[in-house]
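Scroll down for the structure; my scribbles are underneath it.
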Amino acid sequence: MLQCVFLLSDSGEVLVEKQMTAHRVDRAICGWFWEYVLSHAAGDPSKVLQVVVSPTHYLFQVYRNGVTFLACTQVEMPPLMAIEFLSRVADVLTDYLGDINEDTIKDNFVIVYQILDEMMDNGFPLTTEPNILKELVAQPNMVSKMLNIMTGKSSTIGNKLPDATASFVPWRTTLVKDASNEVYVNIVEELDACVNREGVLVKCEACGEIEVNSSLPGLPELTLSFANPTPINDVRFHPCVRFRPWESNQILSFVPPDGQFKLMSYRVKKLKTTPIYVKPQLLSDSGNCRVNVMVGIRNDPGKAIDSIIVQFQLPPLIASADLTANHGTVDILADQTCVWTVGHIPKDKAPSLSGNLRLEEGLAHLHAFPTFQVKFRIMGVALSGLQIDKLEVKNTLSAPYKGFRAQTQAGRYEVRS
């Protein structure tokens, strides 16, 4: 049972406070939490554990785009329930506001408070489906804001109970308007990899999501099967997915919500290779450090690799840096981050960055070597090898249009030097 939910800014300011039970939680707990962030994560909430125990409360936190969602309780409860609820709150607010940040939370304070009020009842999750919430709490728009200013009313709560609350599929409205009889399935994967200083791949795994955009009339039944579902691990489903077909045959059977939603997330571990390589070489002597970084294709995925970016933090005690590239652009930001924007890899030459780092007076050798962060994007392929076999749609008057797409991008891809 959650007793209170706070929304905090990156400076520790309380943006929203929602007491969930009759037992009031003192706002001083936010001050304790922020001191914990400063002492254990150097002021970065994204690096704090999602479950923290204070002298008086159990704390659960989820960090999204500069906003910390903090929940408190004094009783023992399943931590995953609290974390999942906070993640759902963040997803719903993103759906409502388009983007979560300190300004949008302040500008739409009333809507945020009303959404929190509808999503939990006396400390327990109640209504978490965006489909129902959008009928309960109207989405913000310019007309409603003008009317609120003119009439002095700030409530956006609807006057009637949503139809979906009486349905056996509460994530879907009983009457879908303007359905174009289309459904799109998109596989989005992020590749996390770590390469040590000898060039050996230490870790490589893909974290993926299956996103669906449904615009189907009536109450359609969908069945999605994969060509090779064996390597999938750590699956997480939308509530619409029936678990038994997946458990027995690894088939996704579901009645979809209307619009865009995340059907499933998964992880594929122990991948053997990466699509591109980054080979850094740093040699320091006599107060100088010679830098040479090469980028190339290691394993051709069959699709174009673009949006390649290599960046690293300049080591401390660097007096000056002179870096150039034979392809792309090189920028050194104010926080001493070197960003090499490669873009794509040309066929006629291998992109390379080279130059010299001048150490501060009195230093002969470089003692701290940087870690290189790599970004890229590949459209049209999922590097985990996951492929959709077929999508069957039933309970529709006519055959719908089906669209499929796959995309892989770099997640946390690090190369040690």
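Computed from a predicted structure; not experimentally measured.
The closest side-chain donor-acceptor pair between N288 and N356 falls under 3.5 angstrom. There is a side-chain donor-acceptor pair under 3.5 Å between N101 and T104.
Taking the side-chain hydrogen bond (donor to acceptor under 3.5 Å, both in side chains) definition, one finds that E182 meets it with S180, Y184, sequence neighbours left out. For V16, the side chain to side chain contact (heavy atoms under 4.5 Å, CB included) criterion is met by L7, I105, F109, V112, Y113, L116, not counting sequence neighbours. By the salt bridge (charged side-chain N to carboxylate O under 4.0 Å, His left out) test, R377 is found to be paired with D306, residues two or more places apart in sequence or in another chain being considered. Remark: D117 engages K18 in a salt bridge (charged side-chain N to carboxylate O under 4.0 Å, His left out) (not counting sequence neighbours). Residues satisfying the salt bridge (charged side-chain N to carboxylate O under 4.0 Å, His left out) test with D95, not counting sequence neighbours, are K134. Residues forming a ring-ring contact (aromatic ring centres under 6.0 Å, His included) with H40 (at least two apart in sequence, or on another chain): Y36. Shown here are the side-chain hydrogen bond (donor to acceptor under 3.5 Å, both in side chains) partners of E190, two or more places apart in sequence or in another chain: Q409. By the side-chain hydrogen bond (donor to acceptor under 3.5 Å, both in side chains) test, R24 is found to be paired with E17, residues two or more places apart in sequence or in another chain being considered. For the side-chain hydrogen bond (donor to acceptor under 3.5 Å, both in side chains) test, no residue two or more places apart in sequence or in another chain qualifies with T127.
Within the structure, side-chain hydrogen bond (donor to acceptor under 3.5 Å, both in side chains) contacts touching residues 61-80 (residues at least two apart or in different chains) are D10-Y63, H23-Q74, R64-D91. For residues 357-387, the set of pairs meeting the ring-ring contact (aromatic ring centres under 6.0 Å, His included) definition, not counting sequence neighbours, comprises F312-F372. Pairs passing the side-chain hydrogen bond (donor to acceptor under 3.5 Å, both in side chains) check and including a residue from residues 245-257, sequence neighbours excluded, read R242-S253.
Taking the side chain as every heavy atom from C-beta outward, L15 and F6 never approach each other to under 4.5 Å. In this structure the side chain of T371 never reaches within 4.5 angstrom of the side chain of S417, judged on heavy atoms. A 4.5 Å side-chain heavy-atom check between L2 and M77 finds at least one atom pair inside the cut-off. Contact annotation: the side chain of T223 never approaches that of V393 to less than 4.5 Å [non-hydrogen atoms, C-beta and beyond].
With hydrogens and angles ignored, the 3.5 Å screen pairs no side-chain donor or acceptor of K269 with any backbone N or O of P231. Judged by distance alone, the side chain of S284 and the main-chain N or O of C289 form no donor-acceptor pair under 3.5 Å. At distances below 3.5 Å, not a single donor-acceptor pair connects side-chain atoms of T337 with backbone N or O atoms of L333. Judged purely by atom type and a 3.5 angstrom limit, N196 uses its side chain to pair as donor or acceptor with the backbone of G199. Between the side chain of D389 and the backbone N or O of S225 there is no donor-acceptor pair closer than 3.5 Å.
By the 6.0 Å contact criterion, NZ on K394 is open, its count of non-hydrogen atoms from other residues, nucleotides or ligands being 12 or less. When the shell of 6.0 Å around CZ of R298 is examined, it contains more than 12 heavy atoms from other residues, nucleotides or ligands.
Less than 6.0 angstrom separates the ring centroid of F261 from the ring centroid of H238.
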Would you sort out whether R236 and E84 count as a salt bridge (charged side-chain N to carboxylate O under 4.0 Å, His left out), showing the intermediate values?
CA-CA 11 Å; R236 176 185 170 194; E84 174 63 22; 2.6 Å; yes

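Here E189 does not pair with R267 in a salt bridge; the nearest charged N to carboxylate O distance is not below 4.0 Å.
Summarising the geometry, atom OG1 belonging to T273 is positioned 9.5 Å from atom CG belonging to L383; distances are rounded to the nearest 0.5 Å. Considering CG of L271 and CG of L201, their distance stands at 8.5 Å, rounded to 0.5 Å.
Figure legend: K279 and Y277 shown as a cation-pi pair, the cationic atom lying under 6.0 angstrom from the six-membered ring centre and within 45 degrees of its axis.
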